[in-house]
Amino acid sequence: MELGDVHSFDLTPAEAIRLQEALRARVRLSGDIGEISLVAGADASYEKGSDEIHAVVVALGYPDLTVVERVSASTETSFPYIPGLLTFREGPALIEAFRRLRSEPDVVFFDGQGIAHPRGLGIASHMGILLDRPTVGVAKSLLSGTATEPGPGMGSTAPILRDGETIGMTVRTKEKTKPVYVSVGHRITLSTAVDLVLATSRGYRLPEPTRQAHLFANTVRREGSGEGRQTTLLSGGG
DNA sequence: GCGACAG
DNA sequence: ATCTTGTCGC
């Protein structure tokens with residue numbers, strides 16, 4: 001994908017927070033996505049003691065969810081994991097992975113929050129601005145706000161509230177399984193985001209874009225598919 | 001001051 | 001996120 005100007009990631013935590021406060025104004029909570037034919041999932045993995053991050057992006061056809069492309073990028077990081085500043089740890093590697101992506105996904109799912117973040121700029125929102133593309137945050141746990149419990153059935157949802165505002169939705173993607181926390185990343189409505197998460201869920205807690213990215217990120221870390229600049233294009237089949 | 005705290 | 005084997009529930 002073509003990326004526009006990307007700001008520096010060589011920042012201190014205090015500078016990172018100031019940047020988030022400045023960028024939050026650029027997040028768009030609405031948008032007409034039109035016909036969707038391609039979705040993507042982005043994720044990262046790393047080893048316990050290492051500072052090497054393995055980021056991946058997996059593109060899938062929609063609504064069939066067939067994987068059409070997988071790319072990865074492995075980079076060194078010095079920024080530690082700090083709740084609320086995840087983008088500054090995983091962002092550089094993810095950006096490189098997106099640069100290697102040939103596909104042009106209509107929407108991208110990220111592992112983490114969108115606007116359901118202390119400063120309204122979780123990794124899905126931040127990356128959405130840099131990519132200028134619709135994005136959705138699909139987190140496995142809550143970072144900000146109060147989550148209400150959805151019903152036990154697949155497809156049930158309930159709001160994530162903060163100061164009386166709905167900042168996201170808990171979504172039951174699998175019956176009797178802990179819900180995922182969905183919030184708008186950028187250029188999409190919460191309603192559409194939730195619909196897409198459910199439309200891409202196939203019997204697992206994580207929707208396919210996110211699940212496939214998760215699996216591939218682990219493969220890259222263990223077997224190394226990204227030592228350099230490798231892009232894997234698939235023609236069909238899983 | 002204390003607790004909470006995406007991945 | 002990662003380190004790890006078996007185990008309990010659907």
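Atoms considered below: every heavy atom in the structure, side chains included; atoms not considered: hydrogens, waters and symmetry mates. Throughout, a chain's letter reflects where its sequence line sits, starting with A, and its residues are numbered from 1.
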Next item on the list: Go along nucleotides 1-7 of chain B 5' to 3' and tag each nucleotide: B for a protein heavy atom under 4.0 Å from its base, S when only backbone or sugar atoms are that close, - otherwise.
Entry: ----BBB
Taking only Lys NZ, Arg NE, NH1 and NH2, and the carboxylate oxygens of Asp or Glu, determine whether [X] and [Y] approach each other closer than 4.0 Å.
X: A/Asp132; Y: A/Arg187; answer: yes
X: A/Arg211; Y: A/Glu208; answer: yes
X: A/Glu149; Y: A/Arg172; answer: yes
X: A/Arg133; Y: A/Glu104; answer: yes

Item checked: Single-linkage hydrophobic cluster, 4.5 Å side-chain cutoff, A/Val136 and A/Val180 together ->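 Same hydrophobic cluster.
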For nucleotides 6-10 of chain C, tabulate all protein N/O to nucleotide N/O atom pairs closer than 3.5 Å, reporting atom names and distance.
none

Margin query: Run through DNA chain B and report every stem of 3 or more consecutive Watson-Crick or G-U pairs, distances under 3.5 Å, ordered by first number.
Written below: none
Notebook entry, point to check: Is NZ or CZ of A/Arg89 both nearer than 6.0 Å to the six-membered ring centre of A/Phe9 and within 45° of the ring axis?
Noted result: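 Output no; distance or angle outside limits.
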Notebook entry, point to check: For A/Asn218 and C/dA1, is the shortest distance between a side-chain N/O and OP1 or OP2 below 4.0 Å?
Noted result: no
Margin query: From CD of A/Glu47 over to P of C/dC3, roughly how many Å is that when rounded to an integer?
Written below: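 One finds 7 Å between P of C/dC3 and CD of A/Glu47, rounded.
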Check: If you measure from NE2 on A/His126 to CZ on A/Arg119, what distance do you get to the nearest 0.5 Å?
Finding: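 Atom-to-atom, A/His126:NE2 and A/Arg119:CZ are 11.5 Å apart.
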Checklist line | Whether A/Asp106 side chain and A/Ser37 backbone form a donor-acceptor pair below 3.5 Å | finding: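 A pair under 3.5 Å: yes.
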Next item on the list: Just call it for A/Arg221: base, sugar-phosphate, or nothing, with non-hydrogen atoms closer than 4.0 Å on any strand.
Entry: sugar-phosphate
Next item on the list: Please tell me if the side chains of A/Val68 and A/Val58 come closer than 4.5 Å, counting only heavy atoms from C-beta onward.
Entry: no
Item checked: Centroid separation A/His214 to A/Phe216 less than 6.0 Å ->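 Judged by ring-centre distance (under 6.0 Å), A/His214 and A/Phe216 do not meet the cut-off.
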